[in-house]
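Worksheet: one structure, shown below.
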Amino acid sequence: MTNTERPARTRFAPSPTGYVHIGSMRTVIFEWLWARHTGGQFVLRIEDTDRNRYVEGAEDQLKESIRRMGLMWDEGPDVGGPFAPYKQSERLDLYHRHADELLAKGHLYKCWCTPERLKQVNEEKQARKEPPGYDRHCRNLSPEERAELEASGKQYVIRLAVPLEGETIVNDLIRGPITFQNALQNDMVMLKSDGFPTYHFAVVVDDHEMQITHAMRADEWIATSPLHVMLYQFFGWEQPVWVHLPNVLGADGKKLSKRHGDTAITDYLDKGYLPEALLNFLALIGWGYDETTEIMTRDELIERFTLDRISPSGGVLNLEKLNKFNGIYIRQLSTAELTERLLPYLADAGLVGAEPSAAERARIEELVPLIQERLVVLSEAPDLLRLVFTAPDSYDHALLIPKKLDASTTQQALHAATAALRELPSWEVAVIEARLRSLTEELGLKVGDLFMALRVAATGSKVSPPLFETMHALGREETLTRLERAIASLGAVGTAA
RNA sequence: GGCCCCAUCGUCUAGCGGCCUAGGACGACACCCUUUCAAGGUGUAGAUCGCGGGUUCGAAUCCCGCUGGGGUCACCA
């Protein structure tokens with residue numbers, strides 16, 4: 001593992017075909033962390049070489065996802081860099097120049113086979129129970145045949161002339177050397193008939209051109225990595241350090257996909273998982289620091305992240321643990337900070353305006369402490385806060401009347417409480433609590449019973465933030481109004497019964 | 001199916017030949033705190049380290065085989 005601590009250049013090279021998968025984000029995290037840890041650069045490169053799969057807007061969404069995670073790239077689209085452009089569709093000349101070089105050396109060859117013929121060849125191979133793959137027809141053309149096809153002007157692709165014997169070794173940093181028999185490799189297409197390179201050709205050329213030191217990518221690339229190694233050898237270039245990262249799996253141990261639930265990183269961000277919680281949590285899938293440390297700040301992660309601690313086996317996404325992490329990070333936020341992050345969710349729910357006024361902001365900041373330690377995810381805030389904004393529209397007597405009491409006793413108790421609260425000299429939490437506690441004694445009730453009746457009367461629910469804090473947040477007027485409505489609802493029962 | 005990778009509590013992981021009668025975290029359960037829910041605290045259960053052979057005085061740790069799981073076999077990345 002030589003020179004792993006020298007400034008590393010890593011890259012994330014997605015194709016703009018859709019959203020950013022949470023597993024891809026984990027890859028971004030490792031790449032970013034390693035670049036930061038070594039004081040190197042993290043580059044973003046757009047691999048838009050498949051015009052058929054191009055998705056409008058995907059590139060923006062992808063950049064936005066990375067930005068929202070707080071993992072800005074040092075070089076790439078929008079920010080530029082010494083190796084611009086960072087979009088492969090704008091680097092076509094480069095691939096052609098390099099292809100010509102290898103073509104001249106005989107490591108690449110033109111292939112005029114039609115998709116139909118390719119399909120037919122594979123079907124025949126299949127019928128003979130042979131492994132699929134190109135039959136190298138065009139590699140073995142006679143000079144005359146080649147000249148004729150060359151002159152025909154027909155469409156062609158450029159393929160890799162894989163050595164027919166020997167073996168290719170991929171030195172994976174976390175797995176050690178992996179040996180592949182050359183005879184088993186296919187003459188994969190390097191340049192498509194539309195003149196665009198395939199991934200195999202473009203990554204190698206660009207990683208070399210952009211001086212990428214560590215080729216970190218998901219481990220599904222292991223199977224084709226010998227092709228990439230061959231290319232480096234044919235070019236006479238020094239290989240990057242290969243680091244194939246373990247996958248993020250679904251609960252069934254298979255690659256995480258739509259049927260496992262949310263897979264886009266934005267799904268999580270939108271629900272209100274904090275970027276810092278996600279970063280910490282995701283960093284722990286496939287990597288671990290020591291025996292006991294799990295909660296780590298971004299800076300601690302940067303300082304502690306090393307490649308040798310990446311494990312080779314895939315890891316299942318444990319949502320419950322993510323929830324726990326998110327709660328921890330939410331509780332670490334200051335009231336002001338949490339308020340700021342909650343506002344968009346409250347605006348969506350219509351609890352505050354789209355452009356919250358200073359008064360609304362102040363009001364929310366007052367309420368935030370009531371829910372901070374109860375929040376798992378930011379998007380739950382509106383529901384937790386709704387009881388403050390909207391009075392219960394009816395009362396369920398089964399909730400309102402304590403187990404061992406009846407309607408009239410409950411009604412009397414609430415009435416006494418209302419009177420007591422009305423006369424309070426101030427509306428401070430401690431004052432409310434002191435008065436209500438003494439009231440339980442005066443009434444000969446159990447603390448739990450009275451408080452629960454009051455809770456239901458004030459909030460309509462048996463579950464709420466602490467009673468006195470809630471009453472305080474509601475304000476005296478609103479609290480009394482609600483209690484009176486609860487009392488009235490019980491009175492109706494009394495007469496009906 | 002061929003090739004390749006992987007294999008420690010349900011899950012994420014620590015462990016890189018003796019410190020392991022395997023540590024931490026999430027989850028579960030119990031108790032404490034307590035006006036509910038949370039949060040917090042304490043504790044319990046949970047892994048014969050996939051199986052079988054070796055190597056060694058000694059193996060979760062090294063080697064081989066097996067089994068299981070996964071990945072990959074496109075003019076997609």
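Below, chains carry the letters A, B, ... as their sequence lines are ordered, and counting in each starts from 1. Quantities reported herein were computed from a predicted structural model and do not represent experimental measurements.
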Legend entry - Presence of salt bridge, A/R341 and A/E337, under 4.0 angstrom: yes

Inset, instruction - Tell me the partner of B/C3, counting only Watson-Crick (N1-N3 plus N6-O4 or O6-N4) or G-U wobble (N1-O2 and O6-N3) with both under 3.5 Å; none if nothing fits. - result: B/G71

Legend entry - Euclidean distance for C1', B/U61 against B/A7 (whole angstrom): 14 Å

Inset, instruction - Output, in order, the C-alpha distance, side-chain angles, deciding distance and verdict of side-chain contact (heavy atoms from CB on, under 4.5 Å) for A/M25 and A/S65. - result: CA-CA 9 Å; A/M25 188 51 75; A/S65 294; 4.3 Å; yes

Inset, instruction - Can you tell me the distance, in whole Å, between the CG atom of A/L319 and the P atom of B/C12? - result: 13 Å

Inset, instruction - Could you tell me whether A/T179 contacts a base, only the sugar-phosphate backbone, or nothing, with contacts defined as non-hydrogen atoms closer than 4.0 Å? - result: sugar-phosphate

Inset, instruction - Look at all strands and tell whether A/T17 reaches a base, only sugar-phosphate, or nothing, counting heavy atoms closer than 4.0 Å. - result: nothing

Inset, instruction - Specify the residue among A/D50 and A/L249 whose closest nucleotide of RNA chain B lies further upstream toward the 5′ end. - result: A/L249

Inset, instruction - Quick one: label A/R217 by what it contacts on the DNA or RNA (base, sugar-phosphate, nothing), any heavy atom closer than 4.0 Å. - result: nothing

Inset, instruction - Examine the side chains of A/Y109 and A/D187 and answer whether a donor and an acceptor come within less than 3.5 Å of each other. - result: yes

Inset, instruction - Could you tell me whether A/P246 contacts a base, only the sugar-phosphate backbone, or nothing, with contacts defined as non-hydrogen atoms closer than 4.0 Å? - result: nothing

Inset, instruction - Describe the nucleic acid contact of A/P465 in one word from base, sugar-phosphate, nothing, applying a heavy-atom distance below 4.0 Å. - result: base

Inset, instruction - Tell me what A/L467 touches on the nucleic acid: a base, only sugar-phosphate, or nothing, going by heavy atoms under 4.0 Å. - result: base

Legend entry - B/C26 versus B/U35 - spacing of their P atoms, nearest Å: 26 Å

Inset, instruction - Mind telling me whether A/F305 and A/F30 have parallel, tilted or perpendicular rings, with 30° and 60° as the class edges? - result: tilted

Legend entry - Side-chain donor/acceptor of A/K321 to base of B/C12, under 3.5 Å: yes

Legend entry - Side-chain-base donor-acceptor pair under 3.5 Å for A/S193 and B/C75: yes

Inset, instruction - Would you mind classifying the nucleic acid contact of A/F468 as base, sugar-phosphate or nothing, using non-hydrogen atoms under 4.0 angstrom? - result: base

Legend entry - Short N-O contact, A/D449 and A/K404, less than 4.0 angstrom: no

Inset, instruction - Would you please indicate if the ring centroids of A/W221 and A/H244 are separated by under 6.0 Å? - result: no

Inset, instruction - Could you tell me whether A/K258 sits above the aromatic face of A/Y19, with NZ or CZ closer than 6.0 angstrom to the six-membered ring centre and within 45 degrees of the axis? - result: yes

Legend entry - Counter-base of B/U42, judged by Watson-Crick or G-U geometry with both distances under 3.5 Å: B/A30

Inset, instruction - In whole angstrom, give me the gap between the C1' atoms of B/C75 and B/C66. - result: 41 Å

Inset, instruction - May I ask you to say what A/K324 touches in the nucleic acid, namely base, sugar-phosphate or nothing, with a heavy-atom cut-off under 4.0 Å? - result: sugar-phosphate

Legend entry - Nucleic acid contacts of residues 160-168 of chain A, taken as heavy-atom distances under 4.0 Å to RNA chain B: none

Inset, instruction - For A/G286, answer base if it contacts any base atom (sugar-phosphate contacts may also be present), sugar-phosphate if it contacts only those atoms, and nothing otherwise; contact means non-hydrogen atoms under 4.0 Å. - result: sugar-phosphate

Inset, instruction - Test the A/R45-A/Y86 pair against the cation-pi criterion, namely NZ or CZ under 6.0 angstrom from the six-membered ring centroid and within 45° of the ring axis. - result: no

Legend entry - Base-pairing assignment for B/A25 (Watson-Crick or G-U wobble, both under 3.5 Å): B/U11

Inset, instruction - For A/S313, answer base if it contacts any base atom (sugar-phosphate contacts may also be present), sugar-phosphate if it contacts only those atoms, and nothing otherwise; contact means non-hydrogen atoms under 4.0 Å. - result: sugar-phosphate

Inset, instruction - Using a cut-off of strictly less than 4.0 Å, decide whether A/K119 has a side-chain nitrogen or oxygen near OP1 or OP2 of B/A74. - result: no

Legend entry - Touch class at under 4.0 angstrom, heavy-atom based, for A/E220 against every strand present: sugar-phosphate

Legend entry - Under-4.0 Å salt bridge between A/R91 and A/E209: no

Inset, instruction - Rounded to whole angstrom, note down the C1' distance from B/C29 over to B/A45. - result: 7 Å

Inset, instruction - Return the nucleotide paired to B/U56: Watson-Crick means purine N1 to pyrimidine N3 with N6-O4 or O6-N4, wobble means G-U with N1-O2 and O6-N3, both under 3.5 Å. - result: none

Inset, instruction - Mark yes or no for a side-chain to base donor-acceptor pair under 3.5 Å between A/R175 and B/C5, with no hydrogen or angle criteria applied. - result: no

Inset, instruction - Return no unless some side-chain N or O of A/T49 is found under 4.0 Å from OP1 or OP2 of B/A77. - result: yes

Inset, instruction - Hunt down the Watson-Crick or G-U wobble partner of B/C76, both distances under 3.5 Å, from any strand shown, or write none. - result: none

Inset, instruction - Determine the Euclidean distance between corresponding C1' atoms of B/G70 and B/G53; express it in Å to zero decimal places. - result: 26 Å

Inset, instruction - Report the residue (A/D290 or A/R53) whose heavy-atom-nearest nucleotide on RNA chain B is the more 5′ of the two. - result: A/D290

Inset, instruction - Round to the nearest Å and state the distance from A/L118 atom CG to B/A74 atom C1'. - result: 9 Å

Inset, instruction - Output the distance between atom OG1 (A/T224) and atom OH (A/Y199), rounded to the nearest 0.5 Å. - result: 7.0 Å

Inset, instruction - Give a yes-or-no answer on whether the side chains of A/Q126 and A/E130 include a donor-acceptor pair shorter than 3.5 Å. - result: no

Inset, instruction - Scan A/K129 against the nucleic acid and name what it touches under 4.0 Å (heavy atoms): base, sugar-phosphate only, or nothing. - result: nothing

Inset, instruction - Have a look at A/V316 and say if it touches a base, only the backbone sugar-phosphate, or nothing, with a 4.0 Å heavy-atom cut-off. - result: sugar-phosphate

Legend entry - B/G27 to B/C20 separation - C1' atoms, rounded to the nearest Å: 24 Å

Legend entry - Pairing residues for A/Y273 by the ring-ring contact (aromatic ring centres under 6.0 Å, His included) criterion, not counting sequence neighbours: A/Y268

Legend entry - Positions of residues 430-450 of chain A (non-hydrogen atom under 4.0 Å from RNA chain B), listed by number: A/R437, A/V447

Inset, instruction - Using a 4.0 Å heavy-atom cut-off across all strands, classify A/S15 as base, sugar-phosphate, or nothing. - result: sugar-phosphate

